[in-house]
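Just the heavy atoms: all of them, side chains too, but no hydrogens, waters or symmetry mates, feed the values below. All of these numbers come straight from a predicted model, not from anything done at the bench. Both ligands and their constituent atoms are indexed starting at 1 by order of listing.
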Amino acid sequence: MSPGPTRVALLGATGSIGTQTLDVLPSLRAEGHRIELVALAAGRRVAELAQQACATGARWVAVAGPEEAQRISELLPAGVHVLSGPEGLEKLASLPEVDLVLNAVVGAAGLRATLAALAAGKTLALANKESLVVGGRLVMGACVRQGQIIPVDSEHAALYQALQGVRTGEIARLWITASGGAFRDLPPDRLAQVTPEQALAHPTWRMGPRITVDSATLVNKAFEMIEAHHLFGVDWDRIEAVLHPQSIVHGLVELVDGTMLAQMAPADMRIPIRYALTHPARAAVPPARLELPGTRLAFTELPRDGYPGYWAVLEAGRRGGTAPAVANAADEVLVAAFLEGRLPFTGIAEGIAEVLGRHEVRPVVRVEELEAADRWGRAAAGRFVESGAWRS
Ligand code: NAD
Ligand code: MG
């Protein structure tokens, strides 16, 4: 019997990862991969989501709230089910007619959908790194089978591939690479004056606004260290990040015998997205290819005295419990304030450190405890922005 199509729910369909996922579907189908889009979710861009639903024939959609649900209902053909709010997202992630959930929602808002998809036994293609940053232990505890989570984040997709056939005892260290972000060549004393437009001009990747700013502070890389720690079950002293401005090597597995297995690919998210959709098969006809002759690779250590946001968030990851949820919540608020012109760029790292410094870390057993920590972190970060403490 030939297997049926992979039936997909795409959460965060209107974003950078979401639209790139929709972009790769025609070429995958042309190659004979049978992928059917059943459900689409997004926040507020209702017209765009309605257009996507009409183009793909998705039978379920979910949006941020009841008002968006009302508006999108008027744009959709009869028979499309419309849901809203966090419950809508969870419902889409656990629909019986879905095999694979691609979670590309941005922020802690993606956590419940991740837990719902895993509990329902779905394969989870995970772009929403915040699920693992905020709720790593709960998320890994909800995994009911080996290989149920296929990482989409490029560094983790790299490690996932390089780890094929490697036994746990053979791993010396896992390495993830960092481009250094938009301000990697800027003297630190100029950082306080940079604008949102400058921060959004990433040297090697095209991504959504929050992760692009997180790449400039390197908070994104600390999130990815936390993500790797949980995903691959490797101790903190065996995970490293290294600066690699070319963004060609995405991750390396260092083995006990001195061998290093590296994954290399062009800096194009469509490659890990396609891998997650077709895994364990590989799609042919790549969207981009590396030209090896002439390619130069450089690796340098992360400076101990630079990127304060990176070190603060990494420390929160090591502490565990509610600390990474608070770090993420604070970062979401501080990045939004920076993008709105209410906080200087350097205020992001300052605010994260300030909020974490005041947080009393608690162990976490239930998702409600994470959500309470998230609310606390948001409120504390909001007060930091309003206080103007960063002006000193
Ligand atoms: P984005 O801002 O471009 O898109 C986010 C999507 O999430 C949008 O469709 C938005 O409508 C939706 N959304 C936001 N809040 C929602 C809510 N409450 N309910 C339902 N939908 C909601 O973000 P992005 O850059 O595509 O990133 C998505 C995720 O993938 C993030 O976790 C990011 O860290 C991760 N990621 C992105 C890239 C990249 O290249 N963009 C690379 C690696 C990892
Ligand atoms: Mg990444």
Response to the item:
A student comparing I273, V105, L126 should find that the heavy atom closest to atom 15 (N) of ligand 1 comes from V105

Fill in: Residues E97, K122: salt bridge by 4.0 Å N-O rule
no

Fill in: Protein contact of atom 28 (C) of ligand 1 - nearest heavy atom, named by residue and atom, plus distance
A104 O, 3.3 Å

Worksheet item: Does an N or O anywhere in T14 fall below 3.5 Å from an N or O of ligand 1?
Response: yes

Discussion item. Do L100 and R7 have side chains that approach each other closer than 4.5 Å (heavy atoms only, starting at C-beta)?
Written reply: no

Worksheet, complete the sentence: For atom 5 (C) of ligand 1, the closest protein heavy atom turns out to be V106 CG1, 3.6 Å

Practice prompt. Output yes when R29 and E31 qualify as a salt bridge under the 4.0 Å nitrogen-oxygen rule, no when they do not.
Written response: no

Discussion item. How far is atom 43 (C) of ligand 1 from the closest protein heavy atom, and which atom is that?
Written reply: D153 OD1, 3.1 Å

Item to complete: May I ask you to identify the nearest protein heavy atom to atom 26 (O) of ligand 1, giving residue, atom name and distance to one decimal place in Å?
Response: I17 N, 2.9 Å

Worksheet entry | salt bridge (charged side-chain N to carboxylate O under 4.0 Å, His left out) partners of E67, counting only residues at least two apart | R71

Discussion item. For the backbone of P245 and the side chain of R184, can you confirm whether one donor and one acceptor N or O come within less than 3.5 Å of each other?
Written reply: yes

Practice prompt. Give every protein N, O or S atom lying under 2.8 Å from the Mg ion (ligand 2), naming each by residue and atom.
Written response: D153 OD1, E155 OE1, E224 OE2

Worksheet entry | Electrostatic pair E68-R44, nearest N-O below 4.0 angstrom | yes

Fill in: For G12, the ligand 1 atoms whose distance to one of its heavy atoms is below 4.0 Å
6 (C), 7 (O), 9 (O), 12 (C)

Fill in: Heteroatom proximity flag, A41 to ligand 1, N/O under 3.5 Å
no

Worksheet item: Between R210 and E130, is there a side-chain N and carboxylate O pair less than 4.0 Å apart?
Response: yes

Worksheet item: What protein heavy atom sits nearest atom 19 (N) of ligand 1, and how far away is it?
Response: L89 CD2, 3.8 Å

Discussion item. I'd like to know if E224 and K129 make a salt bridge, using a cut-off of under 4.0 Å between side-chain N and carboxylate O.
Written reply: yes

Discussion item. Quick test of your reading of the structure: of G15, S84, S215, whose heavy atom lies closest to atom 1 (P) of ligand 1?
Written reply: G15

Practice prompt. Could you check whether the rings of F345 and F183 sit parallel, tilted or perpendicular, using 30° and 60° as the cut-offs?
Written response: perpendicular

Fill in: Enumerated ligand 1 atoms positioned under 4.0 Å from heavy atoms of A109
18 (N)

Worksheet entry | Element-labelled atoms of ligand 1 that are located less than 4.0 Å from some non-hydrogen atom of M207 | 39 (C), 40 (O), 41 (N)

Worksheet item: Where the side chain of N328 meets the backbone of G107, is there a donor-acceptor pair that is under 3.5 Å apart?
Response: no

Discussion item. Contact between ligand 1 and A13 is defined here as a heavy atom of the residue under 4.0 Å from a ligand atom; is it met?
Written reply: yes

Worksheet item: In the protein, what heavy atom is nearest to atom 36 (N) of ligand 1, and what distance, to one decimal place, separates them?
Response: I211 CD1, 3.7 Å

Worksheet item: So, K221 and E155, do they make that salt bridge, N to O below 4.0 Å?
Response: yes

Worksheet entry | For G208, atoms of ligand 1 separated by under 4.0 Å from a heavy atom | 3 (O), 25 (O), 41 (N)

Item to complete: Measure the distance from atom 35 (C) of ligand 1 to every protein heavy atom, then report the residue, atom name and distance (to 0.1 Å) of the closest one.
Response: A127 O, 3.1 Å

Fill in: Enumerated ligand 1 atoms positioned under 4.0 Å from heavy atoms of M269
40 (O), 42 (C), 43 (C)

Worksheet item: Quick one: which ligand 1 atoms are inside 4.0 Å of a heavy atom on G43?
Response: 10 (C), 11 (O), 12 (C), 13 (N), 20 (C), 21 (N), 22 (C)

Response to the item:
the protein heavy atom lying closest to atom 41 (N) of ligand 1 turns out to be S16 OG, 3.1 Å

Practice prompt. From atom 34 (O) of ligand 1, work out which of R210, K129, R206, E155 has a heavy atom at the shortest distance.
Written response: K129

Fill in: Contact check, side chains of L124 and I150, non-hydrogen atoms, under 4.5 Å
no

Fill in: E130 heavy atom under 4.0 Å from ligand 1
yes

Worksheet entry | H230 ring center within less than 6.0 Å of W236 ring center | no

Item to complete: Before accepting this row, confirm whether a basic side-chain N of the pair E87/K91 lies closer than 4.0 Å to the acidic partner's carboxylate O.
Response: no

Item to complete: Decide yes or no on side-chain contact (heavy atoms from CB on, under 4.5 Å) for L118 and I149, but give the supporting numbers first.
Response: CA-CA 8 Å; L118 293 173; I149 302 180; 3.9 Å; yes

Fill in: Parallel, tilted or perpendicular: rings of H250 and W205 (30°, 60°)
tilted

